[in-house]
Asker: 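Mind looking over this structure? Questions follow.
Chain naming here is simple, since letters A, B, ... match the order of the sequence lines and numbering starts at 1 in each.
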Amino acid sequence: MGYAYYVGLAINGAVEGLTIGLAALAINLVFAVGRFPNATTGDLMTVGAYAGIAVQQSGLRSLWLQGLAAVGASMALSLALYLFVFRALRGRGMLAPLLASIGLAILVRSVLSFFAGHDQYVFQLPIVRPIMIAGIPVQSYDLWLGGVALVCVLLVMAILFLSPIGRQMRAVADDLTLARTSGINVDRVYLVMWLLVGFVTGVAGMVLGVRTVVMPEMGWNMLLPAFAAAVLGGVGSPAGAVLAAMVVGIAQEMSTPVLGFTYKIGLAFMVLVVILAVRPAGLFGRVERVR
Amino acid sequence: MRFNRREIMLTGAASLAAAMAPVGFARAAEPYRIGALNPITGAGSPYGSGTQKTILFAAQEVNDAGGAAGRMFEVFAEDTQTAPEAGVLAAKKLIEVNKVDAIFGTWSSGVTLAIMPLTDAANVILMTNSGAASISTLDTKDLVYRYSTTGIRSGRAISGVIEKEGLTRVATMAFNNASGRDLVAGVKSGWEEKGHSLVAEVVYEPNRPGYRSELQQILAAKPEIIMLGSYLPDTTIIVREARQMGSDVRFIGPGYAIAPKLSESLGAEAVEGLMAVDYVSSLDSSAYAHFSKRYQDEMGSDVGENFYASCAYDMVQCTALAIEAAGPGADNTKIAANLRKVSNPGGKVVSGFAEGKKLLAAGEEINYEGASGPLDFDEHGDVKPLFKLSKLRSGALEYQYMLSL
């Protein structure tokens, strides 16, 4: 097998990693600011994908409009979850919101399958042949989806690191009490954070939906790999989550000529164990200082 | 859906009256209780309701013909939800509360394997459509009967199709579960017996964001056809990715994966000529003619592709005939021992219980030829069902030919 074969594997891994990375990014946003692992992340993605499908079924064929609907629906749901549930659970430790999020995830999925059924839906896109770049077949959709995911990540980073609200968000993530005493409007920070989570999961749901099939369990199935990437990247580190997901994705696919396909997921978790043994806080996490 | 409650009360009252009658009078025999344990909800739901309704009307037919060896059939309906946990709860209820003698129509292997310890311990006859090979080997008392076949045998039938289609370079891709691996193992063994070898084989983990690396490995071996041991969602993704990768490779798979829905999802062009292997009822038999008419009357809809309902019809007929042949007072072991006698070759061909009952009374040997197939049970209690090959043409499945195992 030539180098094209391995480059192909690496590209597959990178694209899969980017898809999971978006979910991991959403998890780490909530973890950094809200301080709990958000189990509704997967189902926020699913709702986004179904919103896109709803637009398609109504006859509008524009992928941009479908994507817009996906992002809108996920943002609306994310905001609603915060306003009606997670806001009341602020300051109640990690366990209460975690359990609530697991319950909400099941609720969202049940409501969705009650109305939309268990049948699969598909984004109806023309099937295009690959284009050759330096002897390597590349999917134009991969380039598009990869591009969209990358832009989404960069946008979140820009908001986090270049805007005033991003700076406030990082301040809240660092130390809630200190942030509040220095006059930061914590409520506003939470609101923006949940909107951001909705945005990211909406894009992630759309990307996953276009690549696979839309079913009620699609997002939930991504939750475990996304959590793994979030932990590996460093809990609470948004950029680390995306990078970790891509590293795992690429390592996973590159291992298949040796390990085969059933053990590649096992390998991903092996990587996780080894890295956490060396760096307990993850690739980009910081160990909490004892004061 | 439910058995007429009044009828159950009546049979109950009748048997109570019989029990209280003074000894020495001819006693009405104990009813034969059947649990209709079917996938009303969950993945098997397209088939479950029709299957259950069929058991109910078939039992009514037996009762109308005067019962089997004097015993009336009494049916208790339950839902497996196509899930082992729910299936076990329902089976427990049927066995312990309703005291059923037989359970008919379990569908997924997960459910069947989970309830087998219960039916085995209670000496309950179990008739199923599940495909796991281990069902045959775990049945130590010869009380389990399969009205379809194992995944491995289905796979062997598929290898026959591939040869018949004149294809030589064959690869397999299997969903990593018992059903997917069994199908592919069957294709492999059938194909190797024909003196060929597979060019590539992959077992994949389900629920991934894509299967492109898997396909890349398969396609590198340049197969003419890929045999899929998959379900509809993963088949959709795999076929689309193969086309996106620029491959025109053909696919063959089970009828629940290569379905018209696939063409709805991907467009008719991408799936043109894909091949589906599926069970088919014995469409030309007189048992099927009778069954499908009754089904239409009872359900208000055509039996269509519900092969499993025709199996359920046969489960009731075969059991009734076996009870009749075993004579009054026979226990399940004796009844089961008569199942092969009334349905395997050697006797006069019959197509229903009433007809068979008359011949048995006249002392003749019979051979029930069912709505679902000829029903000749082998030593494992399995039959050789009929398979058909269909191809997707302009978005619809088009019948090609029948296959033999």
Side-chain angles (χ1 to χ4, degrees), chain A residues 1-2 4-6 8-13 15-20 23 118-132 137-142 145 204 207-208 210-215 217-218 220-222 224-225 249 252-257 260-266, chain B residues 41-46 82 173-177 180-181 200-221 230-248 257 259-272:
Chain A
M1 284 172 219
Y5 187 87
Y6 291 95
L9 288 181
I11 293 175
N12 298 340
V15 175
E16 284 194 14
L18 213 48
T19 316
I20 290 171
H118 272 99
D119 274 357
Q120 65 176 33
Y121 289 93
V122 170
F123 284 102
Q124 309 270 358
L125 300 172
I127 291 172
V128 285
R129 303 253 150 172
I131 42 176
M132 299 301 275
V138 178
Q139 264 300 307
S140 55
Y141 279 125
D142 274 1
L145 295 178
V207 168
L208 187 64
V210 168
R211 281 180 57 88
T212 62
V213 293
V214 177
M215 295 185 81
E217 290 81 21
M218 61 182 281
W220 179 255
N221 287 333
M222 291 301 116
L224 195 61
Q252 205 168 281
E253 300 308 314
M254 298 291 278
S255 75
T256 56
F261 292 98
T262 38
Y263 293 108
K264 70 176 182 185
I265 296 163
Chain B
T41 54
S45 62
T82 327
M173 282 182 83
F175 189 102
N176 192 11
N177 73 358
R181 285 195 314 261
E201 36 189 324
V202 157
V203 175
Y204 62 87
E205 283 298 317
N207 303 327
R208 305 287 312 158
Y211 304 99
R212 206 168 286 157
S213 300
E214 285 82 345
L215 268 169
Q216 191 178 320
Q217 176 164 331
I218 291 278
L219 292 177
S230 317
Y231 297 95
L232 181 62
D234 33 321
T235 301
T236 310
I237 301 169
I238 288 170
V239 173
R240 178 171 55 200
E241 286 184 334
R243 298 295 178 251
Q244 284 175 343
M245 290 165 82
S247 166
D248 290 319
K261 185 96 190 160
L262 192 64
S263 155
E264 246 172 73
S265 296
L266 300 180
E269 199 190 326
V271 300
E272 184 69 13

Asker: Can you see which heavy atom on B:E205 is nearest to which on A:F261, and at what distance?
Answerer: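 Taking B:E205 first and A:F261 second, the nearest heavy atoms are CG-O, 4.2 Å.
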Asker: Tell me if a side-chain donor or acceptor on B:Q217 pairs with a main-chain N or O of A:P257 at a distance below 3.5 Å.
Answerer: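 No.
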Asker: Are there more than 12 heavy atoms of other residues, nucleotides or ligands under 6.0 Å from atom OH of A:Y141?
Answerer: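 Yes.
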Asker: Which bit of A:L9 is near chain B, if near means a heavy-atom gap under 4.5 Å: side chain, backbone, both or neither?
Answerer: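 Both parts, backbone and side chain.
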Asker: Nearest heavy-atom pair of A:P130 and B:G246: which atoms, and what distance?
Answerer: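 Where A:P130 meets B:G246 most closely, the heavy atoms are CD-N, 3.7 Å.
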Asker: Sub-3.5 Å donor-acceptor pair from the side chain of B:R240 to the main-chain atoms of A:T212, do we have one?
Answerer: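 Yes.
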Asker: Which bit of B:E264 comes within less than 4.5 Å of chain A, counting heavy atoms only: side chain, backbone, both or neither?
Answerer: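 B:E264 touches chain A through backbone heavy atoms alone.
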Asker: Starting at CD of A:Q120, measure out to CG of B:D234 and round the result to the nearest 0.5 Å.
Answerer: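 Nearest 0.5 Å value for the CD-CG distance: 9.0 Å.
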Asker: Relative to chain B, which segment of A:I20 carries a heavy atom at a distance below 4.5 Å: side chain, backbone, both, or neither?
Answerer: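 For A:I20, the side chain is the part near chain B, not the backbone.
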Asker: Against chain B, work out which of A:E253, A:M218, A:E217 has the most heavy-atom pairs shorter than 4.5 Å and name it.
Answerer: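 The answer is A:E253.
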Asker: Atom OG1 in A:T19, atom CZ in B:R208: separation rounded to 0.5 Å?
Answerer: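 Rounded to the nearest 0.5 Å, the OG1-CZ separation comes out at 10.0 Å.
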Asker: Identify which part of B:N207 has an atom lying under 4.5 Å from any heavy atom of chain A, answering side chain, backbone, both or neither.
Answerer: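 It is both, since atoms from each part get that close.
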Asker: Shorter than 4.5 Å, heavy atoms on both sides: which option in B:E269, B:Q216, B:E241, B:K261 has the most such pairs with chain A?
Answerer: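 Counting heavy-atom pairs under 4.5 Å, the top option is B:Q216.
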Asker: Could you look at A:V214 and say if it's the side chain, the backbone, both or neither that has a heavy atom under 4.5 Å from chain B?
Answerer: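 For A:V214, neither part sits under 4.5 Å from chain B.
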Asker: With a 4.5 Å cut-off on heavy-atom pairs, point out which of A:I11, A:T256, A:V213 contacts chain B the most.
Answerer: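 Option with the top pair count is A:V213.
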Asker: When you measure from the side chain of B:Q244 to the backbone of A:Q139, do you find a donor-acceptor pair of N or O atoms at a distance under 3.5 Å?
Answerer: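 The answer is no, because no donor-acceptor pair under 3.5 Å joins these two groups.
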Asker: Give the member of A:V15, A:I127, A:D119 that has the highest number of heavy-atom pairs under 4.5 Å with chain B.
Answerer: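 Of the options given, most contacts go to A:I127.
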Asker: Tell me the closest heavy-atom pair linking A:R211 and B:G210, and the distance in Å.
Answerer: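 The answer is NH2-CA, 4.1 Å.
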Asker: Is a donor from one side chain sitting under 3.5 angstrom from an acceptor on the other, for A:N12 and B:S213?
Answerer: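 B:S213 and A:N12 do have a side-chain donor-acceptor pair below 3.5 Å.
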Asker: CE/B:M245 to CZ/A:R129 distance, rounded to the nearest 0.5 angstrom?
Answerer: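 These two atoms lie 12.0 Å from each other.
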Asker: Report the distance from atom CG of B:L232 to atom CE of A:M215, rounding to the nearest 0.5 Å.
Answerer: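 Between B:L232 CG and A:M215 CE, I get 7.5 Å after rounding to 0.5 Å.
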Asker: Can you say whether B:S247 sits under 4.5 Å from chain A via the side chain, the backbone, both, or neither, judging by heavy atoms?
Answerer: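 It is the backbone, since no side chain atom gets that close.
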